[in-house]
Amino acid sequence: MREHGTRAYSRRQVVAGAAAVGTAAALGGPAAHALAESTGSGAEAGAFGPLTVRPSDRRYADLVWGANRRWVGTPDAVRLVGSADHVLAAVQEAVDTGRKPAVRSGGHCYENFVTTDDVRLVIDTGSMDRVGYDAGRRAFFIEPGARLGDAYRTLYRGWGVTVPGGTCPSVGAGGHIVGGGYGALSRLHGLVVDHLYGIEAVVVDANGTARKVVATREENDPNRELLWAHTGAGGGALGVVTRYLMRSPGTGGADPAGLLPQPPSEVHVSTVTWPWEGMTEAAFTTILRNYGRWCERNSAPGSPYASLFSQLKPTHKSAGSFSMTTQIDASVPNASGLLGAFLAAVSQGAGVRYRVDDRRTISWLHATTSWPGFTAPDTTTRFKAKSAYMRKGFPEDQLKAFYRHLTRDDFSGPMSVVMISAYGGRVNAAGAAETAVPQRDSVMKLHYITFWQNAADDERHLTWIREFYQDVYAASGGVPRPGDVTDGCFVNYADADLNTARWNGSGVPWHELYFKGNYRRLQAVKARWDPRDVFRHEQSVRLPGQG
């Protein structure tokens, strides 16, 4: 049987291949490497791997870092896997040899969770990238190494459906989904985890035995809590997901085309730009204030603007200008008029005209995978990021802090930006405990990020973004503490600064900023499914009693 160009395997082949790789790893040395490679070529009828890459291998240098060049690991080995059984063997080997494992799919982890010195075995699932339909479970499957852009193409071309995931096509599904990812269709259809029917995963029990499990949202599924934890706990916290199963709640029937959201055929897109030259504080803060107020008024589930997604992206003034990108379902009645009214509302009273750089109608698939308004290419550079959920528009003190730091003369960063996404809509139709993502009444989501190239500039960029962030949230201890206006942080935009009193003076621990009241429940899942704390990093869910 073939599934999108790769072959499926018999159980006998899988077990034989996993056993052979385990033997090879136990042998150690060059002979082990050769045996692992030879078994990978035939043990599972054409599956990629498993391959073991060690420091002496010329491929090693390209496999120990992800999208952020700040973080380069030094593991004993990188295990490239192509199936759930390959993952099972790798995890068991790590447990048996006492080597801490870490998992990488797309490599977009913002912090050093996969590259710390204590990580000795990296399990790279990047080649587990199949997307398809599982007729037996009546659900679509997405493997963790599938890039979002490829998943969108396969789902749409094959069945006319999609999932409301992120806008960066190079991000791997593995970490994106488990963190509760969102994207341009989320105001219309909710978060990607709102459509998660089940997972297949490798976990480790109290005896140190790795095993494969399936967890679904069926009421009678004894593993249901494990699925719930994967609707927002973040990557690397509980086990290794080997397959996501996607089916929207309340759907049925035999036709796969009815089991996930159907995206619009076409969208109206727009990019407008404001110059920094001549931009006064009054004009700048008016634009941000208008945007926030518009989001407050138009982010309820069922809003006529539910299909409109926009990012206002104020950059540091050294960029020369800043922009706003927007899309709306072209089939919505008066879609072009709604888009025009939105643009007018954001710029009203600013006294500075925007320049229209792009306004046209294009196919949804092109907008999702290729249009540069949202789908910026992977920079593979150095960066630092922070995040915030907003329940209301920007207070005056925050607006002043934005202007102050984006116009600083002692810093230059043309790629330093805050991406302010219109949020809410269908996202806010779910309750705070329905998934592990508790922020279900926000109207904006903020992504602070600064990019640079050279290690010599690390301190300059880190200082700027930390001071900027602390100033914006000075009234709540330097972080967006859950409250009337702000509602914590997004775990997929991991920020280890939240763990330290130096940068988080709120008295609210990092896990409450991410998970709020859902954290204790996550800890209970951790105690059952990872009682030995095999899967851990600086911001992974702790065992009960460990904070």
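Quick note: numbers below take in every heavy atom, side chains included, and nothing from hydrogens, waters or symmetry partners. A quick note: this is a predicted structure, and the numbers were derived from the prediction, not measured.
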Below 4.5 Å, heavy atoms only, C-beta onward: do Phe535 and Val541 meet side chain to side chain?
no
When every non-hydrogen atom of Tyr519 is compared with those of Ser540, the smallest separation belongs to OH-O, 4.5 Å
Classify the ring geometry of [X] against [Y]: parallel below 30°, tilted from 30° to 60°, perpendicular beyond 60°.
X      : Y      : result
His189 : His195 : perpendicular
Phe515 : Trp510 : perpendicular
Tyr182 : Tyr423 : perpendicular

Going by distance alone, is a donor N or O of one side chain under 3.5 Å from an acceptor N or O of the other, for [X] and [Y]?
X      : Y      : answer
Glu143 : Tyr244 : no
His447 : Ser387 : no
Tyr156 : Gln262 : no
Arg69  : Thr381 : no
Gln92  : Asp96  : yes
Lys445 : Tyr389 : yes
Thr231 : Thr435 : no
Thr116 : Asp118 : yes

Using 0.5 Å steps for rounding, measure from the [atom1] atom of [X] to the [atom2] atom of [Y].
X      : Y      : atom1 : atom2 : result
Thr125 : His86  : OG1   : NE2   : 13.0 Å
Cys168 : Phe374 : SG    : CZ    : 13.0 Å
Ser83  : Arg243 : OG    : CZ    : 10.5 Å
Asp129 : Phe48  : CG    : CZ    : 10.0 Å
Tyr133 : Leu260 : OH    : CG    : 9.5 Å

Quick check: are there more than 12 heavy atoms from other residues, nucleotides or ligands sitting under 6.0 Å from CG of Asp117?
no
Got more than 12 heavy atoms from elsewhere within 6.0 Å of CZ, Arg426?
no
Pair [X] + [Y]: basic N to acidic O under 4.0 Å:
X      : Y      : value
Lys384 : Asp497 : yes
Arg382 : Asp458 : yes
Glu93  : Arg99  : yes

Using atom types as modelled and distance alone, determine if a side-chain donor or acceptor of [X] lies under 3.5 Å from a backbone N or O of [Y].
X      : Y      : result
Asn518 : Ala432 : yes
Gln311 : Thr325 : no
Thr162 : Tyr152 : no

